[in-house]
Amino acid sequence: MRVAVWEVANRLGVVAGTPAELFSVLLAGPRRTVRLPLPPDHALVRALRPLGHLDLVLDEPPELPGPPPAGSVDLGDPAAVCAADPVRVTRAYEADPDPRGGLRPAWLRAGQSLLRDQDPADRALVLLAALDEGADPRTAAALTRGAAGSPWTLARSSRRPCTALTAAPDGRPVVREDRVLAVACLPDGTQAALDERGRLRLPGGRAGRLADAVAATLASHPATALAAAGDSVLTGDRMGTVHAFSLTGLEQAALHSGRVTALTATATATATAPAAATATATASGAAPSPAPAALTVYSGGTDGTVRAWRPGRPPGRSALARRPCPVVALHAAGPYLAVAWADGLAELCRPDTGGTALFRPGPRIRAVAATADGTLVVGLDDAVLHLACRASRPRR
């Protein structure tokens, strides 16, 4: 059953570790036709049939391997399990409750990713990221060696819940554990959060004229996404429109078909006030006008696209990225853009060069953040992972 759930979830572009999680995801989605490599009498097929909004098309699968013979895979050897057939490893761990130095619980936690066709080095990295804090240090050391050929280095990980991520003005990742849709750091460092009703939550209830104006707007027009950069606060709504609030006014762009699910933005200082005005101000002893910030806004939606927009300009027609599943989270820092997708994929992208490095932790991704030095932070229901990028590889 476990292998079937993972394979079905991978085919549907969702994340599910148990039959109950798969049922929940399918019930929440639109009616669809699902082609399954399962026989009609399979337990998962029998469980899915009562869900009337699914049309099941069954393909007789090839003969699946039975339980592995004793001793065919050393379940305590990280190198052996990373190189072996993942279906056989999964079945062996299901039949043997021995934790094997932490390998078994890590495998069963990250199995949906491990089931995919990939290099042993990539499997080693996924297992390393999924290890419990109490795992045998020798297991972690062996997986670290095995992951040397992966495009990532696991810089650190912590077992803590994460619902949202952003970065403080100093670049430090900010992790939220409470029930919020998004979090953003305002220019003065104040953490503004978007609660589950789409309202702006501010520490102490107030955080300046702009934040108060945004909060008042969202009280009657709830948002679905939130970001802040420069002197602007950005929100998205269920109709696919992105709103850029600043003290000089409001700009809007219809960027998505369906709900905006994620927002991030970067601000670049532009030229100061015109030279004549600057010279006059200097001669009179007044300070020159501060440089305004040019925003680049990145948005993601249920339509499976990531788009870029510069307020003050019409939005471009082409998407930066497009996949057949919703965007879960975005975050930009320096030249990097972190993207999380509903099928469990995290990407660290370079929009200026087109380079992309990929990571699938196995469980669903709640949030992502990037740092200016190329670190990808991935927030899960029970962990926060920090991955340093060695290289980029083609999208898959």
Side-chain angles (χ1 to χ4, degrees), residues 110 113 121-131 133 140 143-177 182-185 189 191 227-229 262-268 296 298 300 306 320-321 327-341 344-396:
S113 172
D122 293 329
R123 284 205 179 98
L125 177 76
V126 172
L127 278 172
L128 181 63
L131 282 179
E133 292 176 340
L143 288 172
T144 299
R145 292 192 298 270
S150 137
W152 301 99
T153 298
L154 182 66
R156 66 181 184 276
S157 64
S158 59
R159 287 289 157 197
R160 59 182 296 191
C162 176
T163 58
L165 282 170
T166 189
D170 62 4
R172 173 181 50 85
V174 174
V175 180
R176 291 292 291 256
E177 300 181 5
V183 61
C185 284
Q191 286 187 33
L263 280 175
T264 187
T266 59
T268 304
T296 299
Y298 300 97
V306 176
L320 286 180
V327 178
V328 170
L330 295 170
H331 184 259
Y336 296 100
L337 175 66
V339 187
W341 302 86
L345 176 67
E347 298 181 287
L348 186 66
C349 309
R350 285 284 302 259
D352 55 344
T353 65
T356 303
L358 314 178
F359 178 66
R360 289 183 181 272
R364 66 175 173 176
I365 300 173
R366 287 291 194 178
V368 287
T371 65
D373 64 356
T375 296
L376 174 67
V377 186
V378 180
L380 310 176
D381 284 326
D382 63 352
V384 179
L385 311 174
H386 296 249
L387 299 148
C389 184
R390 290 193 185 108
S392 62
R393 58 176 54 186
R395 185 186 308 272
R396 71 179 179 205

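Positions are given from 1 along the sequence.
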Next item on the list: Mark yes or no for whether Trp152, through its side chain, and Leu358, through its backbone, hold a donor-acceptor pair below 3.5 Å.
Entry: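 Yes; judged by distance alone, with no hydrogens or angles, the pair exists.
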Note to self: Quick check for you: to the nearest 0.5 Å, what is the distance between Thr371 atom OG1 and His331 atom NE2?
What the structure shows: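 Those atoms lie 9.5 Å apart.
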Checklist line | Atom pair CG (Leu330) and CD (Glu347), whose distance is rounded to the nearest 0.5 Å | finding: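 That separation rounds to 10.5 Å.
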Margin query: Please give me the minimum heavy-atom distance between Ala110 and Pro361, naming the atom from each residue.
Written below: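 Taking every non-hydrogen atom into account, CB-O, 3.3 Å.
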Note to self: Can you give me the closest heavy-atom contact between Ala121 and Gly149, atom names plus distance?
What the structure shows: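 For Ala121 versus Gly149, the nearest heavy atoms are CB-C, 3.8 Å.
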Check: Between the main-chain N or O of Ala332 and the side-chain N or O of Thr266, is there a donor-acceptor pair closer than 3.5 Å?
Finding: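 Answer holds: no.
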Notebook entry, point to check: Below 4.5 Å, heavy atoms only, C-beta onward: do Cys389 and Tyr336 meet side chain to side chain?
Noted result: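 Result no, sub-4.5 Å side-chain heavy-atom pair not found.
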Next item on the list: Go through the steps for Phe359 and Leu154 under the test side-chain contact (heavy atoms from CB on, under 4.5 Å), then give the verdict.
Entry: CA-CA 11 Å; Phe359 178 66; Leu154 182 66; over 6 Å; no
Under 3.5 Å, which donor-acceptor pairs do the side chains of residues 165-175 form with other protein atoms, sequence neighbours left out?
{"residue": "Asp170", "atom": "OD1", "partner": "Arg172", "partner atom": "N", "Å": "2.9"}

Notebook entry, point to check: Is any side-chain heavy atom of Val126 closer than 4.5 Å to a side-chain heavy atom of Arg360?
Noted result: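 SC-SC contact between Val126 and Arg360 ruled out.
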Check: What residue among Val339, Leu385, Leu380 forms side chain to side chain contact (heavy atoms under 4.5 Å, CB included) with Ile365?
Finding: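 Considering Val339, Leu385, Leu380, a side chain to side chain contact (heavy atoms under 4.5 Å, CB included) with Ile365 is found only for Leu380.
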Next item on the list: Provide the closest heavy-atom pair for Val368 versus Ala340 in the form atom of the first, atom of the second, distance.
Entry: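 That closest heavy-atom pairing would be CG1-CB, 3.7 Å.
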Check: Who passes side-chain contact (heavy atoms from CB on, under 4.5 Å) against Arg176, sequence neighbours left out?
Finding: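 Scan of Arg176 (side-chain contact (heavy atoms from CB on, under 4.5 Å), adjacent residues dropped) gives Thr163, Ala164, Asp178, Val180, Val183, Gln191, Ala193, Arg201.
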Notebook entry, point to check: Could you state the interatomic distance from CZ (Arg366) to CD (Glu177), rounded to the nearest 0.5 Å?
Noted result: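 Reported to 0.5 Å precision, the distance equals 13.0 Å.
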Next item on the list: For the pair Thr353 (side chain) and Gly355 (backbone), establish whether a donor and an acceptor sit closer than 3.5 Å, ignoring hydrogens and angles.
Entry: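 Yes; at least one donor-acceptor contact below 3.5 Å.
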Margin query: Can you list everything that forms a salt bridge (charged side-chain N to carboxylate O under 4.0 Å, His left out) with Arg350? Sequence neighbours excluded, please.
Written below: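 In terms of salt bridge (charged side-chain N to carboxylate O under 4.0 Å, His left out), with neighbours along the sequence ignored, Arg350 is linked to Asp352.
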Item checked: Partners passing side-chain contact (heavy atoms from CB on, under 4.5 Å) against Ala184 (at least two apart in sequence or in another chain) ->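 Ala184 satisfies side-chain contact (heavy atoms from CB on, under 4.5 Å) with Leu226, Ala228 once adjacent residues are dropped.
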Notebook entry, point to check: Tell me, do Val327 and Trp341 make a side-chain contact under 4.5 Å, heavy atoms counted?
Noted result: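 Yes, their side chains come closer than 4.5 Å.
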Next item on the list: Find the distance between CG (Leu320) and CG (Leu337) and round it off to the nearest 0.5 Å.
Entry: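 The distance works out to 7.0 Å.
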Check: Which residues pass the salt bridge (charged side-chain N to carboxylate O under 4.0 Å, His left out) test with Arg159, sequence neighbours left out?
Finding: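 Here the qualifying residues are Asp382.
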Next item on the list: Taking all heavy atoms of Ala124 and all of Ala147, pick out the closest pair and write down the distance.
Entry: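 Taking Ala124 first and Ala147 second, the nearest heavy atoms are CB-N, 3.7 Å.
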Notebook entry, point to check: Do you know which two heavy atoms are closest between Cys162 and Ala367, and how far apart they sit?
Noted result: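 In terms of heavy atoms, the two residues are closest at SG-CB, 4.3 Å.
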Notebook entry, point to check: Distance-only, no hydrogens or angles: does the Ser157 side chain make a donor-acceptor pair with backbone N or O of Ala129 under 3.5 Å?
Noted result: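 No; zero donor-acceptor contacts below 3.5 Å.
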Check: Hey, are the side chains of Leu387 and Leu348 touching, using non-hydrogen atoms and a 4.5 Å cut-off?
Finding: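 No, too far: nothing below the 4.5 Å cut-off.
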Next item on the list: Not counting sequence neighbours, which residues clear side-chain hydrogen bond (donor to acceptor under 3.5 Å, both in side chains) with Thr144? List them please.
Entry: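 Thr144 satisfies side-chain hydrogen bond (donor to acceptor under 3.5 Å, both in side chains) with no residue once adjacent residues are dropped.
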